[in-house]
Protein chains: 2
Amino acid sequence: MAHPAFAVTVDLVVLTIREDTLQVLVVRRGEAPFKNKSALPGGFVHENEDLETAAARELQEETALTRGEVHLEQLATFGAPHRDPRMRVVTVAYLALAAELPQPRAGTDAAEARWQPVDELLDTGELAFDHAEILHIGVERARSKLEYTPLGTAFCPPEFTVSELRRVYEVVWGTRLDPRNFHRKATKTEGFLVPTDHTTTRDGGRPARLYRAGSIKLLYPPLLRSTAA
Amino acid sequence: MAHPAFAVTVDLVVLTIREDTLQVLVVRRGEAPFKNKSALPGGFVHENEDLETAAARELQEETALTRGEVHLEQLATFGAPHRDPRMRVVTVAYLALAAELPQPRAGTDAAEARWQPVDELLDTGELAFDHAEILHIGVERARSKLEYTPLGTAFCPPEFTVSELRRVYEVVWGTRLDPRNFHRKATKTEGFLVPTDHTTTRDGGRPARLYRAGSIKLLYPPLLRSTAA
DNA sequence: ACAAAAGTGTTATTATTACACCCATGA
DNA sequence: TCATGGGTGTAATAATAACACTTTTGT
């Protein structure tokens, strides 16, 4: 049977928290269409490459981050007929969550890769193609996954304090959480946090115990968005 | 820039409940590869067609169901290099939830479309390509969405009783729910169910009020899987 | 009258929230 | 000693789970 030919790409929504702000990795486009606009990093899937492998490859090209240092999951696929004016491109978007990095690294085909606050990008029409929609869906996915999975830890370094984790939730959700109730809930939820022997005073005040992410994949009961503080 | 050409298809996981069993729509393949095996219905995305439009078109070809009669959402995309031995095919899977239908309708390129219990299909290696994996992910998605969205109503006719809705949850989750607590929870959750003026005795016993699906998109609090009865 | 399912009431348990209070460090 | 965040206790409220009991039909 005859069938049309498509180009297939992967695009990445790489989120991290920098300066108490949710930020996303973007590249500046060097050529038309959308020349000089920002875009999500991405690229063509290779001839003999799996989709997730392509996403991991692009991620490493842009950030030097490898699987195991980031959470990477498929987000959604976008294929409206004229989303790229040059040709019919279907893109499989992936969502990556990472701890704050030393420095983003410029990739092969990316003019410059840099972190930019999500809110700024969604307000201004600064993103090329349908990338604002993709970013929006990625952020919503991250927000809801924080509620019922332990993915908040994906934004933290390997060892972190409870209040560092709490700030992740506050930034991603845009709410304030009661530090005392959050602490109890996070530490009492079986399998969520694994205590280490170490403490730190890097957040000021009394030394805080350091934790690692536990092994569970779902939080029960979930960590819903409470209020105030 | 050079890039490989892909074929892009949509595949459908169409779920319904028949005879107190979760069933999925499958077609029998008439040709190799996987000749005479079952497969999820699907087909190529057309030249100038959006992905969701393609999914809706395939759905209508197979079942005569139109948007508005079913819930249709994107599920996930599968593109392992040799998932189809003939060529490089990336498939965007969609999940459809429908009320029990009069009769499935044979489509243009499908030998025969029929309902088959999900459990049977997942146990036996009866499904072609990677369709067992796609089905598995579709069923898991349906199970979890029933918890925090009002999607259980997608398996019901336009007007339904609370106990018909409860049976949906019992079948999809494979649990028993307390009819009295379920009734209270379903009817008290703001915006979930809209009462009509009608009642029915089709389930036996005292007449039950008929409801329509409400307008909310999320259940708060969620309908978690309780026990016993 | 009886079976069967609809629907309400009540109570024990558990989770959530708000907030008082003490602890251990750096400056 | 004081400010800063870490961490525990506790009581009011809300949600859940279990189950007794009344209601309204068909047969």
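Proteins come first, then strands; the chains are lettered A, B, ... in the order of their sequence lines, and each starts at number 1.
Nearest-nucleotide assignment on DNA chain C puts the 5′-proximal partner with B:Ala208, out of B:Ala208 and B:Arg184. Mapped onto DNA chain C by nearest heavy atom, B:Arg209 and A:Asn181 fall at different nucleotides, with B:Arg209 at the one closer to the 5' end. Annotation: of the two residues near DNA chain D, A:Thr161 and A:Tyr220, the 5′-most nearest-nucleotide partner is A:Thr161.
Taking the six-membered ring for Trp and the full ring otherwise, B:Tyr211 and B:Phe160 have centroids separated by 6.0 Å or more.
A salt bridge links A:Glu140 with A:Arg143; the closest basic N to acidic carboxylate O contact falls under 4.0 Å. Between B:Arg67 and B:Glu52 there is a salt bridge, since a side-chain N of the basic residue sits under 4.0 Å from a carboxylate O of the acidic one.
Judged by atom type and distance alone, B:Asp203 does not reach the base of C:dA4 through any side-chain donor-acceptor pair under 3.5 Å. At a cut-off of 3.5 angstrom, counting only N and O atoms as typed in the model, there is no donor on one side facing an acceptor on the other between the side-chain of A:Arg166 and the base of D:dG5. Not a single donor-acceptor contact under 3.5 angstrom links the side-chain atoms of B:Arg202 to the base of D:dG26.
We find that CG of A:Leu177 is positioned 10 Å from P of C:dT17, with the value rounded to whole Å. A straight line from CD of A:Glu147 to C1' of C:dT16 spans 14 Å, rounded to a whole angstrom. One interatomic measurement links the two molecules: CZ of A:Phe182 to P of D:dG5, which rounds to 17 Å at whole-angstrom precision. Between B:Leu219 atom CG and D:dA15 atom C1' the separation is 15 Å, expressed in whole Å. Taking atom CG of A:Leu165 as the reference point, atom P of D:dG5 lies 17 Å away to the nearest angstrom. A straight line from CG of A:Asp178 to C1' of D:dG9 spans 13 Å, rounded to a whole angstrom. Atom pair B:Arg176:CZ and D:dC19:P shows a separation of 15 Å (rounding to whole Å applied).
The side chain of B:Ser163 places an N or O atom within less than 4.0 Å of a non-bridging phosphate oxygen (OP1 or OP2) of C:dA6. For A:His183, a side-chain nitrogen or oxygen approaches OP1 or OP2 of D:dG7 to under 4.0 Å. Within the structure, every side-chain polar atom (N or O) of A:Lys185 is placed at least 4.0 Å from both OP1 and OP2 of C:dA15.
Inter-residue side-chain proximity for B:Ser38 and B:Arg29 is flagged as unmet; no heavy-atom pair is nearer than 4.5 Å.
Side-chain atoms of B:Glu133 and B:His131 form no donor-acceptor pair, as typed in the model, at a separation below 3.5 Å. Using modelled atom types, one finds no donor on one side chain facing an acceptor on the other under 3.5 Å when comparing A:Thr161 with A:Arg202. Between the side chains of A:Ser144 and A:Glu147, no donor-acceptor pair of N or O atoms lies under 3.5 Å.
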Per-nt protein contacts along nucleotides 21-27 of chain C (heavy atom under 4.0 Å; B base, S backbone sugar-phosphate only, - none) come out as B-BBB--
